[in-house]
Enquirer: 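Got a structure for you, written out below as structure tokens; questions coming shortly.
Order of the sequence lines fixes the chain letters, A, B, ..., with proteins taken first and strands second; residue numbering starts at 1 for each chain.
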Number of protein chains: 2
Amino acid sequence: MDNSQNTEDKILAAAREVFHKKGLSGARMQEIADLAGINKSLLHYYFRSKDALFEKVFTETFSQLANKMTEIFLSEMTLMSKIGIFVNFYFNFISGHSYIVQFVINALQDKPERIREVILKQNVTPEILLETIRKQLKEEMGLDIDPLHIYVNILGLVIFPVIARPLIQSIFAIPDERMAVFYEQRKKIVPTFIENALKGYETDRTMV
Amino acid sequence: MDNSQNTEDKILAAAREVFHKKGLSGARMQEIADLAGINKSLLHYYFRSKDALFEKVFTETFSQLANKMTEIFLSEMTLMSKIGIFVNFYFNFISGHSYIVQFVINALQDKPERIREVILKQNVTPEILLETIRKQLKEEMGLDIDPLHIYVNILGLVIFPVIARPLIQSIFAIPDERMAVFYEQRKKIVPTFIENALKGYETDRTMV
DNA sequence: ATTATTTTTGACCATCCGGTTAAACTATTC
DNA sequence: GAATAGTTTAACCGGATGGTCAAAAATAAT
């Protein structure tokens, strides 16, 4: 047999690609089948329905993303090191998976309940993540700031430029090459920006 | 006649609502017609096709958004005042139009060319916006930083928490009331965060 | 080798959906 | 008030789309 991959994996790979790019309503079962190089009926043979297949892809994708994020922040490092590594890793990762984050956000916008099932299967508790950041803010920088705000700030500075790429690029007429440079610059700029901001709290003493 | 609104406006209002929430492929012409309280054929009578109607809504929405953004940054104020006002305004505006930004991003992700036509109709040149910010960074804070990075930072800190709301809220199990508080807090936190970050550059002298 | 089981296919179905058309209704013009 | 133009509707069309099914092909079990 030339079946280098088994059918189920081929389907999942194709479904991932199509769903990530086009979302649930934009994707076509036929397109997924074609991409996987199989008959459309097989999709229903392995996964009951379009929705079931989508849910599978969503769960998978979300877990992957969540794991990558928490993994770094739960490791043994200073907060600033974590931020540096996270930002760096993320820009690299996402440049090869540009649709992923938006896919997750859209899927959740469309139907927030989707996350329930997934979050339970997850081994990481979000509370632990926040608590870890809170402790590090306090102990390493003497800051009593809500860790959620800081975490959201970090994500915003990293994720927004990626999902808004078409927006930014077209508005400011930036060619692809300069855009690549732009992202490369952000690997340094974002950690510096955050560090400056946090240090500012130290001197200011205007806590939130 | 009881036609409080003319038909065209009723259609546009309905189309806005549906397209904003569900996007092009997720929206149904019948649903728009129902919401507008008219016959489906009328949609085609006033706007040729689904695509034409969508394009109309997109243009309209994008312009509204872009104008709001640039208006503030091109006014006569210190950069920090602009940032404060912008952040404040945006959280207020968006809480009543939560789907808008994501709608624009998705529409552009789906088909980047969409922006071409719109940008030409726009009276604001993006270059002027950046140039204004650059000048203010230099003159008011003595900073030689790429204004695009700063602008993107601001947008990221404001927009990301809004479009990722379902994500954030479900992951961290935040009830609606606490989420409202969260956004209210950000009106202060974000400007402070940015101000600290920028001041950090001043003392650091580690320019980018 | 034969049977039983799993995998794959092509033909098909019902429904959805964007779009068309002709006729009905309304408003305007003369 | 008849003629004309503009607006609205219901019925319909054709193709796309998610999904089914029975039979064929491949694989495994005896």
Enquirer: In whole Å, what is the span from the CG atom of A:L42 to the C1' atom of C:dG10?
Expert: 12 Å
Enquirer: Between C1' on D:dT7 and NZ on B:K10, what's the gap in Å once rounded to a whole number?
Expert: 12 Å
Enquirer: Regarding B:F47, tell me which of base, sugar-phosphate or nothing describes its non-hydrogen contacts under 4.0 Å with the strands shown.
Expert: nothing
Enquirer: Could you tell me how far apart B:I32 (CD1) and C:dC17 (C1') are, to the nearest whole angstrom?
Expert: 12 Å
Enquirer: To the nearest Å, give me how far apart CG (B:N6) and P (C:dA27) are.
Expert: 15 Å
Enquirer: Are A:D146 and B:R186 close enough for a salt bridge, meaning some N to O gap below 4.0 Å?
Expert: no
Enquirer: With A:K135, which residues qualify under salt bridge (Lys or Arg N to Asp or Glu O under 4.0 Å), at least two apart?
Expert: none
Enquirer: Determine, for nucleotides 18-25 of chain C in 5'-to-3' order, which nucleotides have protein heavy atoms under 4.0 Å from the base (write B), from only the sugar-phosphate (write S), or from neither (write -).
Expert: BBBB----
Enquirer: Enumerate the residue pairs fulfilling salt bridge (Lys or Arg N to Asp or Glu O under 4.0 Å) with a member in residues 90-107 of chain B, sequence neighbours excluded, ordered by first and then second residue.
Expert: none
Enquirer: In this structure, how many angstroms lie between the C1' atom of D:dG6 and the CD atom of B:E8, rounded?
Expert: 14 Å
Enquirer: How would you list all residue pairs meeting ring-ring contact (aromatic ring centres under 6.0 Å, His included) that involve residues 158-180 of chain A, not counting sequence neighbours?
Expert: none
Enquirer: How would you list all residue pairs meeting ring-ring contact (aromatic ring centres under 6.0 Å, His included) that involve residues 20-46 of chain A, not counting sequence neighbours?
Expert: A:H20-A:F103
Enquirer: Kindly say if A:Y45 contacts the phosphate of D:dC21, meaning a side-chain N or O under 4.0 Å from OP1 or OP2.
Expert: no
Enquirer: Which whole-number value in Å describes the distance from B:L43 CG to D:dT7 P?
Expert: 15 Å
Enquirer: Not counting sequence neighbours, which residues clear salt bridge (Lys or Arg N to Asp or Glu O under 4.0 Å) with B:E184? List them please.
Expert: B:K187
